[in-house]
Amino acid sequence: MTVRTRFAPSPTGFLHVGGARTALFNWLYARQNGGKFILRIEDTDEKRNTAEAYKVIYDGLNWMGLDWDEGPDIGGEYGPYQQSERSSIYEKYLAQLEAGGHLYEDAGAIRFRSQRKPVLVEDMVCGSITFDMSNPATHPDMTIRRPDGSWIFHFVNVVDDIEMRLTHVLRGEDHLSNTPKHIEIYQALGVTPPKFGHIPLILNQEGKKLSKRDGGSSITYFLDAGYTPEAVANYLCLLGWSPGENREFLTSEDLLTHFDIATINRRNAIFDLDKCFWLNGQHLQHMTLERFEELALPFVDKAGVPYGSPDALRPALAIVKPKVKHLSDVPDWIGFLFTEDYAFDPEAVAKSLAKPGASDRLEALGNALSTLEDWTHAAIEAKLKETATALGVKAGELVHPARVAVSGRSVGPGLYEMFEVLGRERTLARFAKARSLPEIG
RNA sequence: GACCCUAUCGUCCAGCGGUUAGGACACCGCCCUUUCACGGCGGUAACACGGGUUCGAAUCCCGUUAGGGUCGCCA
């Protein structure tokens, strides 16, 4: 039997990281088993049904690299894939339950009568749990349809999972207590339930369920802040799971081969943005330059960095890739390489360039570099050190003023790498420009 | 309140009857170094509590406490 999993978000205009995680786990499970991953939009509340809300879901999943085999946008064998268009299907199942004597009316709404028998939930992550359904006070008969004819989540969710031939339902642990109710519907319909897997929740710093209000609870936050999807996926999998051997850095391909839903623990986990941040730096550092380029380009373009052509941009990206931690920092880290109109940070100028003798040392360095044959970072480094020795000063006495001269700041990419990217002409011109600054004595 | 889940450093994860309780993030030193990073070395820091079971419990059982979740005509 082909594995079929799904992600069934409500179009709220917000993709929660917890939602992204369930989507990721379902996607991984489907891909690991040669199965299908289905996207279904649960929009029984029509107010939510807007094009922008759909776009948020599509964009979020696409960004994470999660592709779906069936969905509202691409169709599929068991469509439509949005609940607002499936009412006739629900009517059919409702009639079946009615015929079985499982329904009754209550103030215009339709309720499902519980059998009041114990229900066993065999969960892929939580194990076997038996729910005693005998107390109507704690397990009231659930409403299935409102007086106005609209449908309630529990019912349509089960019907769709049946109709769409889902074999595995991996979802948040907040649904664990709802599962026996869902199983009762499967039983009333005479259908074998799918396998369930309830994954622990993501908590905020206060240990509460991560909500919209919490910073970093939306997947767009990670996108905008310059996180890479591979780092976010890596981090999300690490929450509650470990591949063993103290391994933590996993590429998306590693995740596909190693991640195992059955071995995640049952404990809710607090989201640690610091660790995600660290992982992001690791991924940035380890990925190919091509991938880095692909991810950084939108940020560079958005900031309006005048890099000219991709060929001119590439070397600049190459020298910041090992150092930058957020893609959103890239424009700031490379901007000065593409304009002679870069700003001088007053503090940086005061700390090195304005120091006595700095201008002279810069001149000496400029003279030495003007005749350097091989304009590579290695040769530049050798020449700078040679010059320092000749002047009888430490390399830092040349390095620091030179850094501020060419970049206007005290923090940035490697100095020799910056020189190399700038080229001799512009490097020396910037030395001269810096020496003519009013602050320089 | 009832029901369900959970309980190892501040945080995440290892540990599955015998360990000096390990790794990572964060934090603090030191080293490397052209800044910032990276990297290296070292440090602070945990088995919630109480009973069992056992020759022996972080590991198994029970209870307590704490946290989370569910109990909608939200999804």
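- Defined by atom type and a distance below 3.5 Å, a donor-acceptor pair is missing between the side-chain atoms of A:N367 and A:S370.
- Base-pair partner of B:C30: B:G40 (Watson-Crick or G-U wobble, both distances under 3.5 Å).
- Contact check on A:R409 versus A:D332 returns a salt bridge, with a Lys/Arg side-chain nitrogen under 4.0 Å from an Asp/Glu carboxylate oxygen.
- When the C1' atom is compared between B:A46 and B:A58, the two are found 10 Å apart, to the nearest whole Å.
- Nucleotide B:A58: unpaired (no Watson-Crick or G-U wobble partner with both distances less than 3.5 Å).
- Straight-line distance between the P atoms of B:U6 and B:U59: roughly 15 Å, to the nearest whole Å.
- A salt bridge is absent between A:K195 and A:D123; no separation between the charged side-chain nitrogens and carboxylate oxygens falls under 4.0 Å.
- Separating the CZ atom of A:F131 from the C1' atom of B:A2 is a distance of 13 Å, rounded to the nearest angstrom.
- Straight-line distance from the CG atom of A:N234 to the C1' atom of B:C12: 12 Å, rounded to whole Å.
- Counting only N and O atoms by type, the side chains of A:T179 and A:R171 include a donor and acceptor under 3.5 Å apart.
- When the P atom is compared between B:C60 and B:A7, the two are found 9 Å apart, to the nearest whole Å.
- A:G414 comes within 4.0 angstrom of a nucleotide base, judged by non-hydrogen atoms across all strands.
- A 6.0 Å sphere centred on CD of A:E340 holds more than 12 heavy atoms belonging to other residues, nucleotides or ligands.
- Residue A:N178 has its side chain nearest to B:A75 when only B:G68, B:C4, B:A75 are considered.
- In this structure, the nucleotide among B:C13, B:C73, B:C25 sitting nearest to the side chain of A:R146 is B:C73.
- No hydrogens or angles were tested; on distance alone, nothing pairs the side chain of A:T143 with the base of B:G72 as donor and acceptor under 3.5 Å.
- Counting only heavy atoms from C-beta on, A:Q282 has its side chain closest to B:G39 among B:G39, B:C71, B:C12.
- With B:A75, B:C25, B:U34 as the candidates, the nucleotide lying closest to the side chain of A:W278 is B:C25.
- Near RNA chain B, meaning a heavy atom under 4.0 Å from it, residues 395-404 of chain A has A:V399, A:H400, A:R403 in order of number.
- Within the cation-pi definition used here (under 6.0 Å to the ring centroid, within 45° of the axis), A:K212 qualifies as a partner of A:F14.
- Residue A:L279 contributes atom CG, which lies 14 Å from atom C1' of B:U11 at whole-angstrom precision.
- Mapping A:K181 and A:N246 onto RNA chain B by nearest heavy atom places A:N246 at the nucleotide closer to the 5' end.
- Closest to the side chain of A:R266, out of B:C73, B:C71, B:C5, is B:C5.
- Residue A:S177 is in base contact, counting any heavy-atom pair closer than 4.0 Å across all strands shown.
- Proximity note for A:V411 (side chain, C-beta onward) versus B:C4, B:U35, B:A75: the nearest is B:U35.
- Across every strand in view, B:U64 sits in a pair with B:A48 that passes the Watson-Crick or G-U test at under 3.5 angstrom.
- The nearest whole Å value for the distance from the CD atom in A:Q285 to the P atom in B:A37 is 13 Å.
- As rounded to whole Å, 13 Å separates atom C1' of B:C73 from atom CZ of A:R145.
- Ion pair A:K275/A:E248 flagged as a salt bridge, since at least one NZ, NE, NH1 or NH2 atom sits closer than 4.0 Å to an Asp/Glu carboxylate oxygen.
- Taking atom C1' in both B:G42 and B:U8, the straight-line distance is 23 Å, to the nearest Å.
- Nearest nucleotide to the A:D274 side chain, out of B:G22, B:C3, B:A26: B:A26.
- The CZ-P distance, from A:F249 to B:C38, rounds to 14 Å in whole Å.
- With hydrogens and angles ignored, no donor-acceptor pair closer than 3.5 Å exists between the side chain of A:E245 and the base of B:G23.
- Nucleic acid contact class of A:P413 (heavy atoms, under 4.0 Å, all strands): base.
- Nucleotide B:G10: paired with B:C25 (Watson-Crick or G-U wobble, both distances less than 3.5 Å).
- Across the strands present, B:C71 finds its partner in B:G1; the criterion is a Watson-Crick or G-U wobble pair with both atom distances under 3.5 angstrom.
- Relative to the side chain of A:E381, the nucleotides B:U34, B:C36, B:A75 differ in distance, and B:U34 lies closest.
- At whole-Å resolution of the value, CG in A:D132 and C1' in B:C4 are 12 Å apart.
- The aromatic rings of A:F271 and A:F222 sit tilted, their planes meeting at an angle between 30° and 60°.
- One can place CE of A:M124 at 18 Å from C1' of B:C5, the figure rounded to the nearest angstrom.
- Among the nucleotides B:C3, B:C73, B:G68, the one closest to any side-chain atom of A:N268 is B:G68.
- Taking the six-membered ring wherever Trp is involved, the centroid distance between the rings of A:F37 and A:W68 does not fall below 6.0 Å.
- At a cut-off of 3.5 angstrom, the base of B:U35 holds at least one donor-acceptor pair with the side chain of A:K323.
- B:G18 sits 23 Å from B:C13 when the P atoms are compared, rounded to a whole Å.
- Of the side-chain N and O atoms in A:N265, one or more sit less than 4.0 angstrom from OP1 or OP2 of B:A14.
- Contact check of residues 193-209 of chain A against RNA chain B (heavy atom, cut-off under 4.0 Å) returns A:L201, A:G207, A:K208, A:K209.
- Across B:C13, B:A2, B:C25, the shortest atom-to-atom separation from the side chain of A:T138 is found for B:A2.
- Across all strands shown, B:U20 forms no Watson-Crick or G-U wobble pair with both key distances under 3.5 Å.
- When the C1' atom is compared between B:G72 and B:C9, the two are found 41 Å apart, to the nearest whole Å.
- A:W333 comes within contact range of at least one nucleobase, with a heavy-atom separation under 4.0 Å.
- Between A:D214 and A:K208, none of the side-chain N atoms (NZ, or NE/NH1/NH2) sits under 4.0 Å from a carboxylate O, so this pair counts as no salt bridge.
- Between B:C36 and B:C47, the two P atoms lie 37 Å apart (nearest whole Å).
- When the P atom is used for both B:G23 and B:G15, the distance is 15 Å, rounded to whole Å.
- The residue A:I270 sits close only to the backbone: its heavy atoms come under 4.0 Å of sugar-phosphate atoms, none of a base.
- The residue A:A107 sits close to a base: some heavy atom pair falls under 4.0 Å.
- A salt bridge is defined here as a Lys NZ or Arg NE, NH1 or NH2 lying under 4.0 Å from an Asp or Glu carboxylate O, and A:D141 with A:R111 fails to meet this definition.
- Within the 4.0 angstrom heavy-atom criterion, no nucleotide atom of any strand lies near A:K351.
- A:R86 and A:E42 are not joined by a salt bridge, as no carboxylate oxygen comes within less than 4.0 angstrom of a charged side-chain nitrogen.
- The phosphate of B:A75 has OP1 or OP2 within less than 4.0 Å of a side-chain N or O from A:T44.
- Atom CD of A:E347 is surrounded by 12 or fewer heavy atoms from other residues, nucleotides or ligands within 6.0 Å.
- Under 4.0 angstrom from either OP1 or OP2 of B:U8 there lies at least one side-chain N or O belonging to A:R267.
- The cationic atom of A:K433 (NZ for Lys, CZ for Arg) lies less than 6.0 Å from the six-membered ring centre of A:Y342 and within 45° of the ring axis.
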